[in-house]
Amino acid sequence: MPRKAPTSIFLIFLCLLLLAFYSLLLSRSAISLSPTHLRFRPRNLTTRYDAPDSFNHVIREDINELTHRTRLVTSIQGPVESVSVLLPNWEVLVLVSHDTPLTSNLGVGGFYCFFPRNETSPANFSGVLPFTSATTFKCTLPNRNRRLQPFHQPVLTRFPERETNVISAAPVMPRWDFLAYECFSTETDVVLFVKGVNNRQGINKSPEEFRCVFGNDIKNAVKTPVTSSKQEVFRCLHPNLMELSISPSTTAAAKRIKVSIEINREKLVVPSVAYYTPPRRHMPSNPNPTSLLCATTMVYNVAKFLREWVMYYSKIGVDKFILYDNGSDDDLERVIKELNEEGDYNLERIFWVWPKTQEAGFSHSAVYAKDSCTWMMYVDVDEFIFSPSWLKNSSQPSKTMLKSLLSISSNGSIGQVSIKCNDFGPSDQKKHPAMGVIQGYNCRRQAEQRHKSILLLEAVDHSLLNVIHHFDLNNNHYNWKELPLEAAVINHYKYQAWPEFMTKFRRRVSAFVADWRTRVNPMSKDRTPGLGFQPIKPEGWENMFCDVKDDRLKLWTKKWFGSQTPQ
């Protein structure tokens with residue numbers, strides 16, 4: 001043993017010497033890079049006041065870096081100018097401005113997210129945002145980078161091997177739970193969607209606590225009062241474009257104006273990827289909307305269900321469908337295209353990539369569709385409204401059926417009609433029924449559950465507040481009517497065959513409902529009885545939630561939509 005000790009010490013010394021020599025080579029290589037090789041030119045945006053006691057310096061640094069897009073690109077061969085947001089489950093959303101050149105065939109891949117520590121992950125094309133025309137990609141934050149905080153934005157590139165050493169200048173990546181993400185301009189005000197400010201359902205901060213901030217430079221920004229603060233929706237006055245050195249005739253493409261919310265007490269501006277568009281001048285709202293009744297829902301991978309839903313509702317009175325696509329990666333776009341090309345249907349797809357924003361998406365639809373729709377129906381693609389009276393009195397479907405439910409009351413002040421739901425179980429199905437959900441599921445729970453609504457858009461409250469598919473109304477002028485089960489009911493095919501139901505565990509769409517895997521509120525009505533926090537099939541799933549056999553809508557649609565062969 002005494003003889004081995006000097007040998008061990010010598011080996012340790014030799015390893016340390018080699019490590020020091022290798023580190024010296026790396027540092028000299030890094031120092032030798034000239035400034036022209038660096039592709040980042042940070043432009044800081046101060047989001048707190050300069051008073052020394054008004055902020056924490058660490059927070060200031062994070063906000064300072066993450067609110068500006070700092071990458072420049074001269075060709076598609078280098079890194080692409082972009083800004084990134086960290087989403088739940090370590091997903092990274094990369095947004096590329098519409099004026100940044102990209103290859104025309106984005107679906108074939110070839111882009112990568114390049115992170116610190118020389119780690120990469122494929123950047124898959126996700127879609128184009130409809131209101132800013134930004135191109136979006138999604139990639140995954142590599143495991144080793146999840147231990148590096150703060151998280152830095154990746155470089156979007158086709159050639160990650162060329163990006164060594166440039167990532168050190170990347171700005172901090174904003175997190176999804178504190179972000180201004182979308183903006184919509186009406187004729188009279190601005191509707192801004194912000195996550196992380198009003199976090200608890202039913203508890204909303206006063207509008208006086210905030211101001212809207214317009215401009216890419218906080219020191220020269222224009223601020224306007226906030227008139228409403230409910231959930232993730234903030235409404236504020238339009239800015240004076242002259243104060244922003246922008247002519248009213250300047251197009252949005254010519255000048256992008258970032259917009260966010262300032263929290264007055266904290267003297268903090270929320271990080272933002274939202275951009276303001278000035279209202280269109282001399283274009284009054286449409287006094288005669290083109291569609292009397294429209295339907296809106298938020299969807300994810302519903303291609304196999306969509307045709308049945310659209311055909312059914314088109315036959316009984318829906319004129320137009322507006323689908324908020326929450327990042328589908330199935331054949332949804334193809335199915336929508338096919339239905340529109342058939343000529344009998346009118347579908348609009350809005351790419352709405354933001355996770356857990358169902359309430360915000362519905363609020364957006366209430367202002368977005370106001371000029372094209374009179375009434376808006378808020379039901380999901382597994383929900384089908386019918387009236388028991390139709391089964392007795394109608395030999396064929398009619399486009400007046402749904403609209404007749406809106407005129408049950410002679411009182412012209414009805415602003416919202418609500419309809420109760422019957423929740424159907426798997427009905428002994430082991431996979432998605434080829435003939436559709438109406439024909440496949442015919443066994444339901446005894447008690448009716450929550451209701452869904454058909455909304456008169458001009459009756460919605462200024463706040464755009466909504467909960468579980470119904471809205472607050474302008475109570476000074478409009479009332480809310482709930483229909484009895486004898487007048488109308490919704491067949492909600494909620495608990496389907498297990499392979500379909502287990503896909504719900506991906507994520508809940510509501511901002512205020514815990515995800516399936518989150519171990520909270522085990523007795524909530526939003527959870528499934530007998531099911532835990534993991535997608536593990538319960539024993540006897542096929543026969544669960546079966547208290548009443550209900551074939552009414554199944555027989556009715558078979559009569560109206562089915563065909564009989566000689567056999």
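A salt bridge does not link Asp177 to Arg175: none of the charged nitrogens lies less than 4.0 Å from a carboxylate oxygen. Note on Lys494 versus Glu383: no salt bridge recorded, every NZ/NE/NH1/NH2 to OD/OE distance being 4.0 Å or above. Using a cut-off of 4.0 Å between Lys/Arg side-chain N and Asp/Glu carboxylate O, Lys320 and Glu348 are scored as salt-bridged. Using a 4.0 Å cut-off between charged nitrogen and carboxylate oxygen, Arg445 and Asp547 do not count as a salt-bridge pair. Contact check on Arg307 versus Glu342 returns a salt bridge, with a Lys/Arg side-chain nitrogen under 4.0 Å from an Asp/Glu carboxylate oxygen.
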Test log, rule side-chain contact (heavy atoms from CB on, under 4.5 Å), inputs Leu473 and Asn479:
CA-CA 7 Å; Leu473 301 180; Asn479 298 314; 5.9 Å; no

Going through the distances and angles, do Trp354 and Glu182 end up as a side-chain hydrogen bond (donor to acceptor under 3.5 Å, both in side chains)?
CA-CA 9 Å; Trp354 318 114; Glu182 194 64 80; 3.3 Å; yes

Worked verdict on His492 versus Asp380 for side-chain hydrogen bond (donor to acceptor under 3.5 Å, both in side chains):
CA-CA 9 Å; His492 183 189; Asp380 296 331; 5.4 Å; no

Apply side-chain contact (heavy atoms from CB on, under 4.5 Å) to Cys183 and Phe131, showing your working.
CA-CA 8 Å; Cys183 178; Phe131 306 106; over 6 Å; no

Give the intermediate values and the outcome of side-chain hydrogen bond (donor to acceptor under 3.5 Å, both in side chains) for residues Asp550 and Asn442.
CA-CA 5 Å; Asp550 189 341; Asn442 66 341; over 6 Å; no

Go through it in stages, so that I can follow the logic: the residues are Leu93 and Val353, the test is side-chain contact (heavy atoms from CB on, under 4.5 Å), and I'd like the CA-CA distance, side-chain angles, deciding distance and then a yes or no.
CA-CA 9 Å; Leu93 177 69; Val353 71; 4.0 Å; yes

Would you check, one step at a time, whether the test side-chain contact (heavy atoms from CB on, under 4.5 Å) holds for Ile454 with Ile419?
CA-CA 8 Å; Ile454 305 177; Ile419 305 169; 4.3 Å; yes

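Using modelled atom types, no side-chain atom of Asp331 and backbone atom of Ala303 make a donor-acceptor pair closer than 3.5 Å. Side chain of Ser291 to backbone of Leu293: no donor-acceptor contact under 3.5 angstrom is found. Remark: side-chain polar atoms of Glu308 are paired, donor with acceptor, to backbone N or O of Ile438 under 3.5 angstrom. Side-chain atoms of Ser229 never come within 3.5 Å of backbone atoms of Pro207 as a donor-acceptor pair (strictly under, hydrogens ignored). Without hydrogens or angle criteria, Asn340 side chain to Leu347 main chain gives a donor-acceptor distance under 3.5 Å. Checking side-chain atoms of Tyr441 against main-chain N and O of Ala497 turns up a donor-acceptor pair under 3.5 Å. Looking at Ser463, its side chain does come within 3.5 Å of a backbone N or O of Leu465 through a donor-acceptor pair. At least one donor-acceptor pair closer than 3.5 Å links the side chain of Thr557 to the backbone N or O of Lys554. Using modelled atom types, one side-chain atom of Ser328 and one backbone atom of Asn301 make a donor-acceptor pair closer than 3.5 Å. A donor-acceptor pair is defined here as one N or O able to donate and one able to accept, closer than 3.5 Å; no such pair exists between the side chain of Thr135 and the backbone of Val128.
Under 3.5 Å, the side chains of Ser418 and Ser453 contain a donor-acceptor pair of N or O atoms.
His470 has its side chain out of reach of Lys452: every pair of non-hydrogen atoms, C-beta onward, lies at least 4.5 Å apart. Residues Asp344 and Ser314 fail the side-chain proximity criterion, which asks for heavy atoms closer than 4.5 Å. Considering only heavy atoms from C-beta on, Leu464 comes within 4.5 Å of Val191 through its side chain. Between Leu192 and Ile261, the closest side-chain pair of non-hydrogen atoms falls below 4.5 Å. You'll find the side chain of Phe545 stays beyond 4.5 Å of the side chain of Cys443, heavy atoms only. For the pair Phe321 and Val310, the minimum side-chain heavy-atom distance is below 4.5 Å. With contacts defined as side-chain heavy-atom distances shorter than 4.5 Å, the pair Glu542/Lys537 qualifies. Residues Asn198 and Gln231 are not in side-chain contact: their nearest non-hydrogen atoms beyond the backbone lie 4.5 Å or more apart.
Figure legend: Arg256 and Tyr275 shown as a cation-pi pair, the cationic atom lying under 6.0 angstrom from the six-membered ring centre and within 45 degrees of its axis.
Partner Phe234 forms a ring pair (Phe, Tyr, Trp, His ring centres under 6.0 Å) with one of Phe184, Phe210, Tyr181, Phe193 and no other, that one being Phe210. Of the residues listed (Lys195, Lys205, Lys356), the one engaging Glu232 in a salt bridge (charged side-chain N to carboxylate O under 4.0 Å, His left out) is Lys195, and it is the only one. When Asp189, Thr188, Thr227 are each tested for a side chain to side chain donor-acceptor pair (under 3.5 Å) with Arg235, only one passes: Asp189.
For the atom pair OG1 (Thr374) and CG (Leu457), the distance works out to 7.5 Å, reported to the nearest 0.5 Å. Distance check: Ile490 CD1 to Asp382 CG gives 10.5 Å after rounding to the nearest 0.5 Å. Note that the CG atom of Leu292 and the CG atom of Leu406 stand 7.0 Å from one another [nearest 0.5 Å]. Going from atom NZ of Lys304 over to atom CG of Leu332 covers 13.0 Å, rounded to the nearest 0.5 Å. Expressed to the nearest 0.5 Å, how far CD1 of Ile316 lies from CG of Leu402 amounts to 4.0 Å. Rounded to the nearest 0.5 Å, atoms CD (Glu91) and CG (Asn124) are 10.0 Å apart.
Smallest separation of non-hydrogen atoms from Lys403 and Lys399: CD-O, 3.6 Å. Between Ile385 and Trp390, the shortest heavy-atom contact is O-CZ3, 3.9 Å. Of all heavy-atom pairs spanning His238 and Pro279, the tightest one is CE1-CD, 3.4 Å. In this structure, Ser126 and Lys138 approach most closely via the heavy-atom pair OG-CE, 4.0 Å. Annotation for Asn466 and Glu359: closest pair ND2-O, 3.0 Å, computed over non-hydrogen atoms. Taking both residues in full, the closest heavy atoms of Met376 and Ala369 are given as CE-CB, 3.5 Å, listed atom of the first, atom of the second, then distance.
Aromatic ring centres of Phe424 and Tyr495 lie farther apart than the 6.0 Å criterion allows.
Below 30°, between 30° and 60°, or above 60°: for Trp541 and Trp498 the angle between ring planes is above 60°, a perpendicular geometry. Between His364 and Tyr324, the angle of the ring planes goes over 60°, which puts this pair in the perpendicular group of the 30/60° scheme. Relative ring orientation between His432 and Phe305 is described as perpendicular, the plane-to-plane angle rising above 60° on a 0-90° scale split at 30° and 60°. Classified by interplanar angle (parallel below 30°, tilted 30° to 60°, perpendicular above 60°), the ring pair Phe362/Tyr378 is tilted.
The local environment of NZ in Lys431 is sparse, with at most 12 non-hydrogen atoms from other residues, nucleotides or ligands closer than 6.0 Å. Glu333 CD: 12 or fewer foreign heavy atoms inside a 6.0 Å radius.
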